[in-house]
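Quick notes on the structure that follows.
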Amino acid sequence: MLTPTSLADVIAEQEAIFVKRQPKSAALADRAAGVLAGGVTSNWQITQPQPVWLSHGAGGKVYDADGNEYVDLHGGYGAALAGHAHPAIVRAVKAQVERGTHFAQPTENAIVVAGELARRWGLPRWRFANSGTEATMDTVHLMRSYTGRDLIIKVEGGYHGHHDSVQVSVMPDADEAGPRDSPRQVPSSSGIPTTITGLTLIAQFNDLASVARLLDAHRGQVAGMIVEPVMMNAGIIPPLPGYLAGLKDLLHSHGALLTFDEVKTGLTVGPGGVTRQSGVIPDLVCLAKSLGGGMAVAAVGGTFPLMDHVASGGYEMVGTFNGNPLAMAAARAMLTEVATESAYERIEALRQRAAVGITAAITEFSLTGSVVTAGAKGCVVFAPEPVRDFRGFLAVDDSLSHAHWLFQHNGGVFLPPWGKIEQWLISAQHDEADIDRLIANFRTFAAAIRG
Ligand SMILES: Cc1ncc(COP(=O)(O)O)c(C=O)c1O
């Protein structure tokens with residue numbers, strides 16, 4: 001293996017290639033700096049060595065401002081399960097644009113979308129919003145409103161959007177996270193009152209005892225817990241057998257509720273998310289990202305008692321653009337024409353191809369790491385041991401993850417930036433040649449870092 005100094009040289013070399021290929025992105029970044037805060041439209045777009053400015057997408061590919069083509073496995077941070085300009089989405093959106101794009105009154109498509117989500121997720125009542133953040137904010141409010149309790153539990157390393165209650169211990173540094181068994185509540189952004197941070201208790205993923213301790217210490221005060229049923233903002237961390245069912249039982253035994261944040265896992269792991277795969281139906285579920293086929297839409301599903309509480313005005317779940325007709329038309333096409341059983345079969349074959357090809361290269365080049373996949377999502381985890389929780393995730397190698405991202409990018413595969421945190425997304429429009437490019441780039445990377 002390369003020494004850290006040689007690895008730094010390899011990264012510097014790849015970053016130089018990256019920048020050389022993208023002079024127009026650099027020029028746009030310069031212009032943008034004059035009008036956009038940080039020269040980007042979201043802080044997550046501030047990436048090294050420079051943000052990539054895109055021109056367009058088609059099928060499984062995207063094209064940058066310089067005309068470079070990439071197999072798009074970034075998928076807009078997991079929102080492009082449909083790929084780009086999918087004919088069914090284009091048809092549905094075009095038809096709706098011509099019939100009006102906003103009324104703030106319900107349209108029939110909302111019934112079809114909610115019915116299909118109810119069938120897939122096993123939760124009877126649904127509402128819509130516009131982003132994952134709004135969906136998780138609503139479920140946190142709803143858990144509090146229904147139980148009359150203020151405290152919530154989330155896991156360390158879990159990301160659920162950028163509202164106050166969940167911006168706690170998202171990616172704490174090892175030296176501020178506190179002891180594993182009594183983690184500190186570390187604010188993940190400035191601007192959040194400490195009183196609010198104090199209402200969010202922190203547990204460890206895959207650790208029922210850590211939740212039990214919090215429920216015991218705060219008897220009768222915990223409204224519920226929000227958790228990604230497969231963690232997907234720390235690479236991919238699957239739940240251990242029995243963890244999800246155990247969580248539900250444990251929370252319910254304390255009169256507390258369970259929300260699955262399936263914003264990322266949602267349609268990407270399979271037709272009915274982790275909920276359907278695990279057979280554990282939570283009290284509330286949040287969906288967003290891929291649901292809209294590329295349009296901004298989110299959904300909240302819930303049990304009868306919780307959603308009756310909404311229906312009766314017990315909790316004000318509102319929003320001007322909720323159930324927007326354009327978003328509903330796209331979501332209907334997504335569910336009925338794109339995210340079909342046959343699409344999942346195709347994606348499963350591509351998932352296997354990627355996992356087998358990259359695992360073979362890891363073995364051949366004796367790298368420390370493994371491939372972890374969940375349906376259309378996957379990543380390479382550069383760590384000696386399987387990762388079970390955020391503390392294990394801290395051992396994942398940042399430099400190797402970044403170097404891998406650069407090699408993929410320079411080789412024409414766009415993975416999500418933020419190396420070890422994010423995952424690839426195989427879309428309904430990718431094919432074997434796309435996956436073979438991913439594997440070939442991985443082999444080039446592996447050979448380079450073997451030295
Ligand atoms: C698991 C999870 N929940 C919620 C969100 C927030 O979604 P949005 O960015 O649409 O607000 C994200 C975004 O990455 C997410 O990954």
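Small disclaimer: the values here were computed from a predicted structure and weren't measured. Every number for a ligand or one of its atoms is a count from 1 in the order of the listing.
- Side chain of Lys154 to main chain of Gly158: a donor-acceptor pair is present (N/O by atom type, distance under 3.5 Å, no hydrogens or angles).
- For Tyr159 and Phe390, the distance between ring centers is not under 6.0 angstrom.
- Not one N or O on the side chain of Ser427 forms a donor-acceptor pair closer than 3.5 Å with the backbone of Ala82.
- At distances below 3.5 Å, at least one donor-acceptor pair connects side-chain atoms of Gln185 with backbone N or O atoms of Gly198.
- Taking a cutoff of 4.0 Å between a charged side-chain nitrogen and a carboxylate oxygen, Asp397 and Lys420 do not qualify as a salt bridge.
- Using a 3.5 Å distance cut-off with no hydrogens or angles, the side chains of Thr133 and His163 do not pair a donor with an acceptor.
- At a heavy-atom cutoff of 4.0 Å, ligand 1 is surrounded by Trp44, Ser131, Gly132, Thr133, Tyr159, His160, Gly161, Glu228, Asn233, Asp261, Val263, Lys264, Lys289.
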